There are 2 protein chains.
Amino acid sequence: MIRISIDAMGGDHGASVVIPALATVAARRPDIKFIIYGREDAVRPELAKFPTLAAASEFVHCEVAVQMDDKPSQALRHGRGTSSMWNAIEAVKNGQADACISAGNTGALMAMAKFCLRTMANVDRPAIAAIWPNVRAESVVLDVGATIGGDAQQLVDFAILGTGMARALFGIERPTVGLLNVGVEEVKGQEEVKEAGRMLREAGLSSLDYRGFVEGDDIGKGTVDVVVTEGFSGNIALKTAEGTARQIAGYLRAAMGRSLLSRIGYILAKGAFDQLREKMDVSRSNGGVFLGLNGIVVKSHGGADSAGFAAAVELGYDMVRNRLLERVQADIDLFHAHNPQSQATETSKPVVETDEEG
Amino acid sequence: MIRISIDAMGGDHGASVVIPALATVAARRPDIKFIIYGREDAVRPELAKFPTLAAASEFVHCEVAVQMDDKPSQALRHGRGTSSMWNAIEAVKNGQADACISAGNTGALMAMAKFCLRTMANVDRPAIAAIWPNVRAESVVLDVGATIGGDAQQLVDFAILGTGMARALFGIERPTVGLLNVGVEEVKGQEEVKEAGRMLREAGLSSLDYRGFVEGDDIGKGTVDVVVTEGFSGNIALKTAEGTARQIAGYLRAAMGRSLLSRIGYILAKGAFDQLREKMDVSRSNGGVFLGLNGIVVKSHGGADSAGFAAAVELGYDMVRNRLLERVQADIDLFHAHNPQSQATETSKPVVETDEEG
């Protein structure tokens with residue numbers, strides 16, 4: 001039995017999207033048990049619509065719901081111990097759940113997850129990993145926004161964490177890994193990236209196949225299974241790709257509506273367009289995964305519909321079933337055992353670094 | 001008369017693409033005069049096909065052609081004084097030409113341009129600016145890869161340089177400017193970016209309308225006319241957007257070829273697809289502009305066809321006609337006169353920093 005804790009109050013739509021998603025997943029996966037955290041008045045009416053789900057799940061009332069525009073520090077102050085988000089995370093810490101899913105405020109979720117779960121041994125900082133569709137299949141890209149900047153050791157840790165996720169989700173025995181850079185030649189780029197490249201090459205890890213530097217356009221090409229970068233560039237890359245996809249979809253809609261012939265053409269080719277829309281649909285690969293913590297936390301997109309939230313839940317399920325945490329911790333420990341000089345130089349700080357208010 | 005110096009040996013196709021492009025532009029713009037630099041055996045046969053162009057242009061034989069895979073240091077060593085690239089740049093320095101266009105190796109072109117032209121007074125570092133199509137129109141994005149990293153003062157300089165380019169090219173009196181960041185809240189992001197935001201807000205420049213932080217997806221939305229970032233993130237954003245556009249084009253082709261109906265639909269809607277392709281065509285807005293130097297240098301895409309190279313030439317022409325350099329220098333001087341504490345801390349170094357060989 002895989003136990004998933006759910007923050008039912010997050011996202012733009014809250015329980016009205018979350019609960020139907022759980023019903024869908026529960027019907028597909030009989031070996032899942034949900035512990036649902038949220039406000040009674042919001043969750044109970046939704047649960048009442050899905051008696052099978054309600055009977056098989058546990059529900060815990062939480063007075064506080066973290067708001068989408070709460071600052072991480074505010075959320076921690078008001079929501080620690082009391083909010084559905086905090087309690088869903090704490091269930092993972094206490095061993096009541098194997099993974100936690102929330103569509104809530106990313107900053108608050110990361111601050112609470114760091115505070116409650118702490119980073120894994122030998123890992124300085126967590127990362128947010130995205131599943132990025134490419135022309136070949138999908139890749140893991142991290143960090144897409146947990147922390148700004150990162151030294152060589154942190155990039156190496158991200159490579160190991162992302163590899164573990166790619167192995168768990170895509171079933172690839174030895175995923176290929178690239179460091180995101182501005183050129184593929186060894187002499188170019190940020191010092192941290194070059195140093196991380198040297199470390200990965202010299203480490204010769206059996207769990208990953210380091211392929212060198214990759215550029216922004218290699219992500220969509222699917223040149224490697226895991227693309228590693230620090231959170232500033234990673235977030236900009238992710239948002240830029242999303243913006244470009246929306247921009248092209250807009251062009252396409254405008255072009256197809258322009259003439260009678262193109263409208264007829266659109267109707268005839270509708271199956272093809274639907275397929276294209278499905279390819280470009282974020283809800284199919286919805287979910288940022290928090291890696292590097294002592295527990296699995298999946299952040300669903302705030303605007304996701306039920307299908308999107310269900311995809312995020314399945315993501316958590318797959319990672320638990322594939323024993324992501326144990327395998328990643330083993331890889332991290334192996335690397336650090338062979339590279340004693342690269343011990344974590346900074347211990348994990350359980351403070352909110354993303355907010356000046358502290 | 002606007003005089004443009006041309007490196008005819010650059011790009012994947014060299015003179016066979018460059019010379020027809022010049023013929024096209026010359027026919028459209030009777031007030032342009034070209035000075036063409038290149039190897040006699042490559043350029044003369046192409047020029048012979050366009051007698052009107054040949055009669056109205058000057059041709060200068062140069063023994064050396066910088067190769068696309070030359071390192072910047074190699075190019076400077078072997079090509080200084082002797083190559084078509086160097087001579088085309090030097091023509092701008094000597095006042096024989098108003099702007100220089102090359103489709104050659106970006107690293108070599110930037111190294112030579114910095115060495116020969118030097119940076120403008122009060123500017124530390126040059127930037128490469130891209131013209132980025134968005135759903136509204138086009139925006140200027142810089143730096144897309146001249147230098148990695150950048151302090152707050154350099155970001156402010158880039159804002160002023162990019163504003164000048166937007167004014168010259170789009171005819172906007174007071175372009176809107178955003179700093180690329182990972183969130184729009186004032187508390188988030190890199191320290192340099194936050195500091196640059198404070199400086200721009202406090203400066204209250206009449207030449208630009210500072211709108212705060214923007215995220216990756218704002219580029220495609222056209223939220224601002226000028227998007228400012230340092231070269232690492234900027235290059236990753238640009239390449240990621242190119243990769244995403246190619247990825248979606250691939251999906252679209254595959255989807256349209258799948259069934260008989262979709263193929264018929266494609267034929268009927270072909271006009272619309274052609275229009276879409278034109279929207280997504282890089283050659284229409286081809287050219288990275290080197291800003292911050294004592295002269296205008298436009299880098300055409302190495303793989304550009306004649307239409308693409310012609311677009312790059314027209315870009316240089318427009319900037320000369322709109323007196324980009326004088327206006328930008330005036331803005332930079334004005335800012336520094338009112339902000340004496342933000343004098344350039346580092347003088348321009350005429351060395352190749354992009355290459356470890358030195």
Side-chain angles (χ1 to χ4, degrees), chain A residues 71 107 133-135 145 148-149 180-182 185 187-190 215-221 229 231-233 235-252 255-256 258-259 261-273 275-276 279-280 354-357, chain B residues 71 133-135 145 148-149 180-183 185 187-190 215-221 229 231-233 235-252 255-256 258-259 261-273 275-276 279-280 354-357:
Chain A
K71 289 186 182 162
N134 59 46
V135 294
I148 289 171
L180 192 60
N181 204 344
V182 296
E185 300 88 357
V187 295
K188 281 190 179 173
Q190 287 180 322
E215 298 192 69
D217 54 342
D218 287 303
I219 310 177
K221 278 186 208 162
T229 185
F232 189 81
S233 315
N235 185 273
I236 285 171
L238 181 69
K239 295 261 174 77
T240 301
E242 286 172 356
T244 304
R246 269 201 296 272
Q247 181 182 353
I248 295 173
Y251 289 158
L252 191 59
M256 286 302 138
R258 262 179 72 92
S259 72
L261 267 188
S262 65
R263 264 173 281 163
I264 296 172
Y266 176 77
I267 291 163
L268 291 178
K270 198 170 172 312
F273 279 111
Q275 198 197 358
L276 178 68
K279 271 272 191 199
M280 289 169 61
T354 48
D355 191 336
E356 281 187 339
E357 281 195 20
Chain B
K71 290 187 182 162
N134 59 48
V135 293
I148 288 171
L180 193 59
N181 203 345
V182 296
E185 300 88 358
V187 296
K188 281 190 179 173
Q190 285 180 323
E215 298 192 69
D217 54 341
D218 287 302
I219 311 177
K221 279 186 206 162
T229 186
F232 189 80
S233 315
N235 185 272
I236 285 171
L238 181 69
K239 295 261 174 77
T240 302
E242 286 172 357
T244 305
R246 269 200 296 272
Q247 181 181 353
I248 295 173
Y251 289 159
L252 191 59
M256 288 300 139
R258 262 180 72 92
S259 72
L261 268 188
S262 65
R263 265 174 278 161
I264 295 171
Y266 176 78
I267 292 163
L268 290 177
K270 200 171 170 309
F273 279 111
Q275 197 198 0
L276 178 68
K279 271 273 192 199
M280 289 169 61
T354 48
D355 191 336
E356 280 186 346
E357 280 197 19

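Computed over heavy atoms, backbone and side chain alike; hydrogens, waters and symmetry mates excluded. Note that the coordinates shown come from a computational prediction; the quantities given were computed from them, not determined experimentally.
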Taking the side chain from B/Q247 and the backbone from A/I219, do they hold a donor-acceptor pair closer than 3.5 Å?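 Judged by distance alone, no pair lies under 3.5 Å.
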Under the side chain to side chain contact (heavy atoms under 4.5 Å, CB included) test against A/T244, which residue among B/N134, B/T244, B/D217, B/T240 passes? B/T244
From CZ (B/F232) to OG1 (A/T229), nearest 0.5 Å: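 Taking CZ in B/F232 and OG1 in A/T229, the distance rounds to 5.0 Å.
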Chain A heavy atoms under 4.5 Å from B/L180: which part of the residue, side chain, backbone, both or neither? both
Options B/G250, B/G231, B/G220, ranked by heavy-atom pairs under 4.5 Å with chain A, top entry: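 Ranked by contacts with chain A, first place is B/G220.
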Chain A contacts, top residue of B/G243, B/G216, B/G149 (heavy-atom pairs, under 4.5 Å): B/G216
Under the side-chain contact (heavy atoms from CB on, under 4.5 Å) rule, what do A/E215 and B/N235 come out as? Steps first, then yes or no, please. CA-CA 9 Å; A/E215 298 192 69; B/N235 185 272; 4.2 Å; yes
